[in-house]
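Take a look at the structure below.
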Amino acid sequence: MTVSDQLFERAKQLIPGGVNSPVRAFRSVGGAPFFVKAAHGAKLTTADGRELIDFVCTWGPAILGHNHPKIRAAVAEALDRGTSFGIPNPYEVEMAELIVRFVPSIQKVRMCNSGTEATMSAIRLARGFTRRDKIVKFAGCYHGHSDSLLIKAGSGALTHGNPDSAGVPASFARETIVVAYNDRAALEAAFAANPGQIAGVIVEPFCGNCGFIMPDAGYLQFLREITAKHGTVLIFDEVMTGFRIARGGVQEREQITPDLTCLGKIIGGGLPVGAFGGRAEIMDQLAPLGPVYQAGTLSGNPLAMAAGIAGLKLLEELNPYAQLDRLGRQLKDAVLAAARAKGIPVQVPQCGSMFSIFFSATPVRDFATALQGDAKVFNRFFHACLDRGVYLAPSAYEAGFLSTAHEGADIDRACEIFTESIRKL
Ligand code: HOZ
């Protein structure tokens, strides 16, 4: 029995499913998860001492590679001063200044502790601001696990076959309208059927939770226009895409100005952080200025702020986005060439350092077409890659992530492994 297997056996006795987040259990791809004892650069070291080239990057935060020396040094320096104060600290102000400078639509920002908290709070704020109850989300988009948003959700909920979670009261679910991503008519119909009732439309502007899916040309602009027309708050969930697709997220790349934006992952430099921000007029509805309540003991935690600030400053200094896109294209080209040679249909949506591999003949543009991908083939591919030393997200419905640390030998070796793994399918 491997060390990972032993740890998993112990974990299963005490932790539901042996994991603290469902996708990690490998249920969809089969087999048992490995445990990680260290991560540096583009590589994970398992509890058994195997090195794996990592395309999960802790689900996004490690854009500069794991355990970056400057982020580690910033955390160590903050640690000397204490771990949590429960009263404002100077890092919070610096973080807010960086976010407002980098993310075009954000005039004011509130820190919290996870992406789930950010989206949950943004929804409440949209409801409080508009004094309406209904929200619209898109099938297959995943915005964390709060009640209003676990309806036709992607990520682990989809992977494990329960996109509509038990425990969400039907009365809550009725306030959430689900429409297909990239389907203009469906959203127009939702507005027509619920006049003056829709508080917010929340969207992953580039989806990363039923695989990586990009919007049709003009679709985000359409979302901006239809929400403005109906006095509805447009919320971009950029927890994955913020600081990753571009320094200012998808909104900077596509030049769309949402009303609110949710952030997480990269702004914590690998420590637990979320944030939501946007138009000052809306943000000022939050307590203590306004009637919408939201709070958190660890919000603005100095260690997390120090890590995030160091990461954001590095992104400004290095401007790695062209490099990341080149690495992403190298990976995509390798997969497409290998699949073509083998005669296997594949779709590889990719933008910068995010990508997905769908074994499908149909271009993927929404939840329904994502489901057309052959998950059994994906699972064989996943294990073929893992056996050879590459770790992809353990689900056909998660995005892949690259970091600057993949440059050189690691991306070259990973492409060889993708090619060999497809050849063996
Ligand atoms: N829901 C996360 C990916 N979309 C998975 C988080 C984790 O398991 O760490």
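Each residue takes its place number in the sequence, starting with 1.
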Item checked: M305 to Y91 - nearest heavy-atom pair and separation -> CB-CB, 3.4 Å

Checklist line | Any donor-acceptor N or O pair under 3.5 Å, side chains D237, T119 | finding: no

Next item on the list: Return the set of residues passing salt bridge (charged side-chain N to carboxylate O under 4.0 Å, His left out) with D412 (not counting sequence neighbours), or none when no residue passes.
Entry: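 In terms of salt bridge (charged side-chain N to carboxylate O under 4.0 Å, His left out), with neighbours along the sequence ignored, D412 is linked to no residue.
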
Next item on the list: Applying salt bridge (charged side-chain N to carboxylate O under 4.0 Å, His left out), name anything that partners D147, two or more places apart in sequence or on another chain.
Entry: none

Check: In terms of ring plane angle, is the pair Y391 and F382 parallel, tilted or perpendicular, where the classes change at 30° and 60°?
Finding: perpendicular

Margin query: Return the CG to CZ distance between L303 and R81, rounded to the nearest 0.5 Å.
Written below: 11.0 Å

Notebook entry, point to check: Measuring from I135:CD1 to S148:OG, what's the distance to the nearest 0.5 Å?
Noted result: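 Going from the CD1 atom of I135 to the OG atom of S148 covers 5.0 Å.
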
Checklist line | Derivation of the side-chain hydrogen bond (donor to acceptor under 3.5 Å, both in side chains) call for Q251 and S105 | finding: CA-CA 8 Å; Q251 60 193 267; S105 69; 2.6 Å; yes

Any salt bridge linking [X] with [Y]? Criterion: basic side-chain nitrogen under 4.0 Å from a carboxylate oxygen.
X: D54; Y: K43; result: no
X: K265; Y: E238; result: no
X: K12; Y: E9; result: yes
X: R413; Y: E416; result: yes
X: D325; Y: K332; result: no

Notebook entry, point to check: Is there side-chain contact between F129 and R279, with at least one heavy-atom pair below 4.5 Å?
Noted result: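 They are in side-chain contact.
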
